Asker: 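I'd like to ask some things about the structure below.
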Amino acid sequence: MTAVLFDFSGTLFRAESTESWLRAVLAEARQTLGERELAEAARGLEEAGALPGGAPPVRVPAELAGLWGVRDRSADQHRAAYTAMSRLVALPDPALHDALYERHMTPAAWAPYPDAREVLRTLRERGIAVGVVSNIGWDLRPVFRAHGLDAYVGTYVLSYEHGVQKPDPRLFATACAALGARPQDVLMVGDSREADGGAAALGCAVHFVDHLPVAERPDALLPVLGLVPHRAPADPAAPAHDRTG
């Protein structure tokens, strides 16, 4: 292996809980809900799949199914899909639905898995190139910078910037090319067998982790290090890989 590609949400990072998400937005808006009402609203948002990066929805209403299926192909579609799901749940102020969407794009809404730093750092030390390939509708680079992980990533390939979403092999091919790696020499690590498994069609090896809360998954990324051999360290004076995604 000469490169490893990682998914973002549920693989390297996990979004905050739905209740934490809602509490933060209510506090920012100086709105209050009783504990019972807050718990019910959070449960409704979670069941609706309104938190990007959270659990998938229990069901997608028929009128939103078309938009939901292509939500990661553009920033506008992503926002429209998730705010529409959020609006299925009554909140004390309609403006809170847009505020919830804004909140989920902040670094404070995300936490890296406990072993993410060690794995990314070790791969770098071994001379292995790293890329992030994500189905997403916004720029996640600030999240990596805020949590001190950006230095380990050589390229970001984000669906909304390319108009293509996983499992389309073109997204993985773009990442491989950006890292100068042949697909057969690349490992894709993700939590979705449907989306991330698309890399196999290109010839990449694929390794899956479970999409669990951060506290419940302390070391699931560590086995990646056993799948990737040591290489000669990269020349520090060599030009950096394209980091624009």
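In this text, all values refer to a predicted model and were calculated from it rather than measured experimentally.
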Asker: Grab the two heavy atoms, one from Val89 and one from Ala48, that are nearest each other, plus how far apart they are.
Answerer: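 Answer, listing the atom of Val89 first, then Ala48: CG2-CB, 4.5 Å.
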
Asker: Once rounded to the nearest 0.5 Å, what's the spacing between atom CG of Leu51 and atom CZ of Arg103?
Answerer: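 Rounded to the nearest 0.5 Å, the CG-CZ separation comes to 10.5 Å.
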
Asker: Checking the side chain of Glu19 only, and the main-chain atoms of Ala42 only, is there a donor and an acceptor separated by less than 3.5 Å?
Answerer: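 No, the answer is negative, given that no donor and acceptor are paired below the 3.5 Å cut-off.
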
Asker: Indicate yes or no: at least one non-hydrogen side-chain atom of Arg87 is less than 4.5 angstrom from one of Asp98.
Answerer: yes

Asker: I'd like to know whether Val228 forms a side chain to side chain contact (heavy atoms under 4.5 Å, CB included) with Val4, so could you lay out the CA-CA distance, the side-chain angles of the two residues, the decisive distance to 0.1 Å, and finally the verdict.
Answerer: CA-CA 8 Å; Val228 181; Val4 180; 3.7 Å; yes

Asker: Using the side chain to side chain contact (heavy atoms under 4.5 Å, CB included) rule, take Arg73 and Val164 through it: C-alpha gap first, then chi angles, then the decisive distance, then the call.
Answerer: CA-CA 6 Å; Arg73 295 185 188 175; Val164 176; over 6 Å; no

Asker: What's the separation between atom CG in Leu91 and atom CG in Leu33, rounded to the nearest 0.5 Å?
Answerer: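 Answer rounded to 0.5 Å: 7.5 Å.
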
Asker: Donor-acceptor check, side chain of Asp139 to backbone of Arg141, threshold 3.5 angstrom: yes or no?
Answerer: yes

Asker: Quick one, Leu26 and Leu38 - any side-chain contact, counting heavy atoms below 4.5 Å?
Answerer: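 A side-chain contact exists here, since the closest heavy-atom pair is under 4.5 Å.
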
Asker: With His147, which of Tyr152, Phe13, Tyr113, Trp110 fulfils ring pair (Phe, Tyr, Trp, His ring centres under 6.0 Å)?
Answerer: Phe13

Asker: Ion pair present between Asp115 and Arg121, side-chain N to carboxylate O less than 4.0 angstrom?
Answerer: no

Asker: Using a 4.5 Å cut-off on heavy atoms from C-beta on, say whether the side chain of Leu149 contacts that of Arg117.
Answerer: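 With C-beta onward as the side chain, the pair touches.
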
Asker: Have Tyr82 and His104 got a donor and an acceptor in their side chains that come within less than 3.5 Å?
Answerer: no

Asker: Apply side chain to side chain contact (heavy atoms under 4.5 Å, CB included) to Leu12 and Val132, showing your working.
Answerer: CA-CA 9 Å; Leu12 289 176; Val132 172; 4.2 Å; yes

Asker: In the structure I gave you, are the side-chain heavy atoms of Leu45 and Leu100 within less than 4.5 Å of one another anywhere?
Answerer: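 Counting from C-beta outward, Leu45 and Leu100 do come under 4.5 Å.
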
Asker: Given 3.5 Å as the limit, does a donor-acceptor pair link the side chain of Arg126 with the main chain of Pro229, or not?
Answerer: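 Side chain of Arg126 to backbone of Pro229: no pair is present.
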
Asker: Would you please classify the geometry between the Trp138 ring and the Phe8 ring as parallel, tilted or perpendicular, with 30° and 60° separating the classes?
Answerer: perpendicular

Asker: In this structure, which one of Trp68, Tyr101, Tyr160 forms a ring pair (Phe, Tyr, Trp, His ring centres under 6.0 Å) with His78?
Answerer: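 One option only clears the test, and that one is Tyr101.
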
Asker: Which residue in the set Val119, Asp196, Val153, Val133 passes side-chain contact (heavy atoms from CB on, under 4.5 Å) when paired with Phe6?
Answerer: Val119

Asker: When you measure from the side chain of Ser159 to the backbone of Ile136, do you find a donor-acceptor pair of N or O atoms at a distance under 3.5 Å?
Answerer: yes

Asker: Any side-chain heavy-atom pair from Met1 and Leu227 closer than 4.5 angstrom?
Answerer: no

Asker: So, taking the atom named OG1 in Thr83 and the one named NE2 in His97, what distance separates them when rounded to the nearest 0.5 Å?
Answerer: 9.0 Å

Asker: Is a side-chain N or O of Arg43 found less than 3.5 angstrom from the main chain of Glu40, in a donor-acceptor match?
Answerer: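 No; zero donor-acceptor contacts below 3.5 Å.
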
Asker: Do Glu16 and Arg23 meet the salt-bridge criterion of a basic N to acidic O distance under 4.0 Å?
Answerer: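 Salt bridge: no.
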
Asker: What are the two closest heavy atoms between Leu171 and Ser134, and how far apart are they?
Answerer: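 The answer is CD2-O, 4.4 Å.
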
Asker: Would Arg124 and Glu118 pass as an ion pair if we require N to O under 4.0 Å?
Answerer: no

Asker: Between the side chains of Lys166 and Asp72, is the shortest nitrogen-to-carboxylate-oxygen separation below 4.0 Å, so that they form an ion pair?
Answerer: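 Salt bridge between Asp72 and Lys166, a charged N being under 4.0 Å from a carboxylate O: no.
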
Asker: Let me confirm one number: the OG1-CG distance from Thr174 to Leu158, rounded to the nearest 0.5 Å.
Answerer: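 Here the interatomic distance stands at 11.0 Å.
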
Asker: Can you tell me how far apart CE (Met85) and CG (Leu67) are? Round to the nearest 0.5 Å.
Answerer: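 The CG atom of Leu67 is 9.5 Å from CE of Met85, to the nearest 0.5 Å.
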
Asker: Using the side chain to side chain donor-acceptor pair (under 3.5 Å) rule, collect all pairs that involve residues 213-223, keeping only residues at least two apart or in two chains.
Answerer: none

Asker: Please determine whether the number of non-hydrogen atoms from other residues, nucleotides or ligands lying under 6.0 Å from atom CD of Glu28 exceeds 12.
Answerer: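 Atom CD in Glu28 is not packed in, count stays at 12 or less.
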
Asker: For the backbone of Gly53 and the side chain of Ser9, can you confirm whether one donor and one acceptor N or O come within less than 3.5 Å of each other?
Answerer: yes

Asker: Indicate yes or no for a side-chain donor-acceptor contact from Arg14 to the backbone of Leu212 under 3.5 Å, with no hydrogens or angles considered.
Answerer: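 Pair found, side chain donor or acceptor close to backbone of Leu212.
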
Asker: With a cut-off of 3.5 Å and sequence neighbours excluded, list every side-chain donor-acceptor pair involving residues 178-192.
Answerer:
| unit_1 | atom_1 | unit_2 | atom_2 | d |
| --- | --- | --- | --- | --- |
| Arg182 | NE | Asp185 | OD2 | 2.7 |
| Arg182 | NH2 | Asp185 | OD1 | 3.3 |
| Arg182 | NH2 | Asp185 | OD2 | 2.9 |
| Asp191 | OD1 | Thr11 | OG1 | 3.4 |
| Asp191 | OD2 | His211 | ND1 | 2.9 |
| Ser192 | OG | Glu194 | N | 3.4 |
| Ser192 | OG | Ala195 | N | 2.9 |

Asker: Please determine whether residues Leu222 and Leu123 belong to a single hydrophobic cluster, defined as Ile, Leu, Val, Met, Phe, Trp and Tyr linked transitively by side-chain heavy-atom distances below 4.5 Å.
Answerer: yes

Asker: Assess whether a salt bridge exists between Arg79 and Glu102, defined as any Lys/Arg side-chain N lying under 4.0 Å from an Asp/Glu carboxylate O.
Answerer: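 Glu102 and Arg79: salt-bridged.
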
